[in-house]
Number of protein chains: 2
Amino acid sequence: MNHVKDYRQQRGLSQLKLAQTVGVARQTINLIENGKYNPSLKLCLGIAKALGTDLNSLFWEE
Amino acid sequence: MNHVKDYRQQRGLSQLKLAQTVGVARQTINLIENGKYNPSLKLCLGIAKALGTDLNSLFWEE
DNA sequence: TCGAAATGTCACTTATAATTGACACCTTTA
DNA sequence: TAAAGGTGTCAATTATAAGTGACATTTCGA
């Protein structure tokens, strides 16, 4: 899994708001948060920047 | 860009060897190293683990 | 300096990420 | 009690990641 939902909620953002910031559809954010698929690197980078964090914090499991 | 090529060469691996370890085609590694496209998160994770490093080291630019 | 391994790239196909529109369900507030 | 915002999910389409086979060039050790 990943930590997108946690970080998004900590920032008080809706899925829609995050999606608009990153420039993707709301459904795409929803699917990523629920582990339903495998986002592209570019999208991961966009989400990390929009949430003021980095790739490891959101997507890395030791 | 990214640092896949640097890390791979430091480990003395060919594109083919890394591709086999990760389970993708050699061309896929070549395209990623040359910034020709946008790999999936799953593939980025596989490459990071195969090279004994992490997402930020390979793909994060401040 | 020859030959093999490694790399870069092409065309084509297949798998899947991502989009769009829609609907049901839930919670909160007027 | 109903209206609005937020979420989860569905089906259908489009965009693109990834695979396959092939070939030319470069690199490097015997």
Side-chain angles (χ1 to χ4, degrees):
Chain A
M1 273 296 260
N2 64 64
H3 304 124
V4 174
K5 185 168 188 172
D6 299 333
Y7 276 76
R8 175 178 62 77
Q9 289 180 332
Q10 284 170 15
R11 271 65 174 173
L13 298 173
S14 66
Q15 292 180 348
L16 178 60
K17 192 72 189 152
L18 175 57
Q20 289 171 336
T21 303
V22 173
V24 297
R26 180 183 62 84
Q27 287 87 332
T28 300
I29 300 296
N30 186 285
L31 289 168
I32 292 168
E33 286 188 354
N34 292 304
K36 297 295 177 57
Y37 68 38
N38 186 18
S40 71
L41 173 60
K42 195 164 112 185
L43 179 47
C44 294
L45 290 168
I47 292 172
K49 286 175 184 166
L51 296 178
T53 182
D54 56 65
L55 291 175
N56 282 354
S57 298
L58 289 177
F59 301 108
W60 186 255
E61 314 280 345
E62 196 50 49
Chain B
M1 274 294 260
N2 64 63
H3 304 125
V4 174
K5 184 169 188 172
D6 299 333
Y7 275 77
R8 176 177 62 76
Q9 289 180 332
Q10 284 169 15
R11 271 67 174 171
L13 297 174
S14 66
Q15 292 181 348
L16 178 60
K17 192 71 189 152
L18 175 57
Q20 289 172 337
T21 303
V22 173
V24 297
R26 179 182 63 82
Q27 286 88 333
T28 300
I29 300 297
N30 186 284
L31 289 168
I32 292 168
E33 287 189 354
N34 292 305
K36 297 296 176 57
Y37 68 38
N38 186 16
S40 70
L41 173 60
K42 195 164 110 184
L43 179 46
C44 293
L45 290 168
I47 292 172
K49 286 174 184 167
L51 296 178
T53 181
D54 56 65
L55 291 175
N56 283 354
S57 299
L58 289 178
F59 301 108
W60 186 255
E61 314 279 347
E62 196 50 50

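The figures that follow rest on heavy atoms only: side chains count, while hydrogens, waters and symmetry mates do not. Everything numeric here is computed off the predicted structure, so don't read it as measured data. Order of the sequence lines fixes the chain letters, A, B, ..., with proteins taken first and strands second; residue numbering starts at 1 for each chain.
By the 4.5 Å heavy-atom criterion applied to side chains, B:Ile32 and B:Ile47 are counted as neighbours. Within the 4.5 Å cutoff, the side chain of A:Tyr37 has heavy atoms near those of the A:Thr28 side chain. Contact check for B:Leu58 versus B:Tyr7: side-chain heavy atoms found under the 4.5 Å cut-off. Side chains of A:Ser40 and B:Leu41 form no contact here, defined as non-hydrogen atoms less than 4.5 Å apart.
B:Gln20 pairs with exactly one of B:Leu16, B:Val22, B:Val24 by the side chain to side chain contact (heavy atoms under 4.5 Å, CB included) rule, that one being B:Leu16. For the side chain to side chain donor-acceptor pair (under 3.5 Å) criterion with B:Glu33, the lone passing option out of B:Gln15, B:Lys5, B:Gln9, B:His3 is B:Gln15.
Crowding of B:Lys49 atom NZ: a count of heavy atoms from other residues, nucleotides or ligands under 6.0 Å exceeding 12.
Between the CD1 atom of A:Ile32 and the P atom of C:dA18 there is a distance of 6 Å, rounded to whole Å. Computed from coordinates, the A:Leu16 CG to C:dG21 P distance equals 14 Å when rounded to whole Å. Protein atom NZ of B:Lys17 is 13 Å distant from nucleotide atom P of C:dT7, rounded to whole Å. Straight-line distance from the NZ atom of B:Lys5 to the P atom of C:dT7: 8 Å, rounded to whole Å. Put simply, CD on B:Gln15 is 16 Å from P on D:dT26, counting in whole angstrom units. If you take OH of B:Tyr37 and C1' of C:dA17, they are 13 Å apart, rounded to a whole angstrom. Between B:Asn38 atom CG and C:dA17 atom P the separation is 12 Å, expressed in whole Å. Atoms CG (B:Leu18) and C1' (C:dG8) sit 16 Å apart, rounded to a whole Å.
When all heavy atoms of B:Leu45 and A:Phe59 are compared, the closest pair comes out as CD2-O, 3.8 Å. When all heavy atoms of A:Leu18 and A:Arg8 are compared, the closest pair comes out as CD2-CD, 3.8 Å.
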Contact letters for nucleotides 9-15 of chain D, in which S counts primed atoms plus P, OP1 and OP2 and B counts the base, heavy atoms under 4.0 Å
BB-----
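Contacts between residues 40-59 of chain B and DNA chain D, defined by a heavy-atom separation under 4.0 Å, are made by B:Ser40, B:Leu43.
Residue contacts for A:Thr28: at a heavy-atom cut-off of 4.0 Å it reaches a base atom on one of the strands shown.
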